[in-house]
Amino acid sequence: MPPTKVFDNLYFVGAKWVSAWAITTDGGIILLDSLNNEQEAREDIEGGLKELGLDPASIKKINVTHAHGDHYGGAKYLQEKYHAQVVMSDID
């Protein structure tokens, strides 16, 4: 699936089998999930943001919705590269 501006400040930057979303704010980009691994984070999230005219360096938070590998797999890569804060529930 191509990266897509859904409306206003919400963007789809996921893959065919799992979603990832970017929300632009005055304080930077908030990601909802980070896909399966570093490669998908590079290709789908970083690549998608760039294709949409957004700067991946603006990623400030990564909200992991739940502890399935296809939702948190790229979080460490993005956290280390952009110094983003990773947020998830205590149980996850």
Side-chain angles (χ1 to χ4, degrees):
M1 299 213 25
T4 305
K5 182 176 183 177
V6 179
F7 62 87
D8 296 334
N9 63 336
L10 179 66
Y11 301 83
F12 176 81
V13 289
K16 182 173 154 180
W17 54 91
V18 66
S19 64
W21 301 87
I23 302 168
T24 56
T25 72
D26 291 339
I29 295 173
I30 299 169
L31 287 180
L32 302 178
D33 291 329
S34 62
L35 301 180
N36 202 39
N37 53 47
E38 180 179 329
Q39 180 180 346
E40 290 179 8
R42 277 196 322 268
E43 293 174 5
D44 295 317
I45 294 175
E46 289 178 312
L49 290 172
K50 289 176 184 176
E51 190 173 324
L52 291 163
L54 302 171
D55 183 2
S58 297
I59 298 170
K60 301 300 179 201
K61 292 191 181 201
I62 303 163
N63 187 334
V64 177
T65 60
H66 61 284
H68 285 172
D70 58 345
H71 292 266
Y72 70 78
K76 183 175 180 173
Y77 164 76
L78 294 167
Q79 179 185 42
E80 290 176 352
K81 184 168 185 179
Y82 300 113
H83 309 287
Q85 177 186 16
V86 176
V87 180
M88 60 191 328
S89 70
D90 286 339
I91 197 166
D92 289 318

*Carefully, step by step, assess Leu54 and Thr24 under the rule side chain to side chain contact (heavy atoms under 4.5 Å, CB included).*
CA-CA 9 Å; Leu54 302 171; Thr24 56; 3.9 Å; yes

Separation between [atom1] of [X] and [atom2] of [Y], rounded to the nearest 0.5 Å:
X: Trp21; Y: Ile45; atom1: CH2; atom2: CD1; result: 12.5 Å
X: Gln85; Y: Lys61; atom1: CD; atom2: NZ; result: 4.5 Å
X: Met88; Y: Ile91; atom1: CE; atom2: CD1; result: 11.0 Å
X: Asp8; Y: Ile23; atom1: CG; atom2: CD1; result: 11.5 Å

So which atom in [X] and which in [Y] form the shortest heavy-atom distance, rounded to 0.1 Å?
X: Gly48; Y: Val13; answer: C-CG1, 4.1 Å
X: Val6; Y: Phe12; answer: CG2-N, 4.0 Å
X: Ile59; Y: Leu31; answer: CD1-CD1, 3.8 Å
X: Ala75; Y: Ile62; answer: O-CD1, 3.9 Å
X: Pro3; Y: Leu52; answer: CB-CD1, 3.7 Å
X: Ser34; Y: Leu78; answer: CB-CD1, 4.1 Å

*Are Leu49 and Phe7 connected, step by step, through hydrophobic side chains (Ile, Leu, Val, Met, Phe, Trp, Tyr) whose heavy atoms are closer than 4.5 Å?*
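Per the 4.5 Å side-chain linkage, Leu49 and Phe7 are not co-clustered.
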
_side chain to side chain contact (heavy atoms under 4.5 Å, CB included) evaluation trace for Asp33 with Asn63_ = CA-CA 6 Å; Asp33 291 329; Asn63 187 334; over 6 Å; no

*Check step by step if side chain to side chain contact (heavy atoms under 4.5 Å, CB included) holds for Thr25 and Ile30.*
CA-CA 8 Å; Thr25 72; Ile30 299 169; 3.9 Å; yes

*Stepwise, does the side chain to side chain contact (heavy atoms under 4.5 Å, CB included) test hold for Leu35 with Val18?*
CA-CA 7 Å; Leu35 301 180; Val18 66; 3.5 Å; yes

*Short question: side chain of Ser58, backbone of Pro56 - any donor-acceptor pair under 3.5 Å?*
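Not confirmed, Ser58 side chain does not pair with Pro56 backbone.
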
*For the residue pair His66 and His71, does the interplanar ring angle fall in the parallel (under 30°), tilted (30 to 60°) or perpendicular (over 60°) class?*
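Geometry flag for His71 against His66: tilted rings.
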
*asked:* Please identify which of these residues, Gln39, Glu40, Glu38, meets the side chain to side chain donor-acceptor pair (under 3.5 Å) condition with Arg42.
replied: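 Running side chain to side chain donor-acceptor pair (under 3.5 Å) over Gln39, Glu40, Glu38 with Arg42 returns exactly one hit, Glu38.
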
*Look at atom NZ of Lys81 and say whether more than 12 heavy atoms of other residues, nucleotides or ligands are closer to it than 6.0 Å.*
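Yes - once you tally the heavy atoms of other residues, nucleotides and ligands closer than 6.0 Å, there are more than 12.
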
_Donor-acceptor pair between Tyr11 and Glu51 side chains, under 3.5 angstrom_ =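 Side-chain D/A pair, Tyr11 to Glu51: absent.
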
*State, with a plain yes or no, whether a side-chain heavy atom of Glu46 is found less than 4.5 Å away from one of Tyr77.*
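Yes, their side chains come closer than 4.5 Å.
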
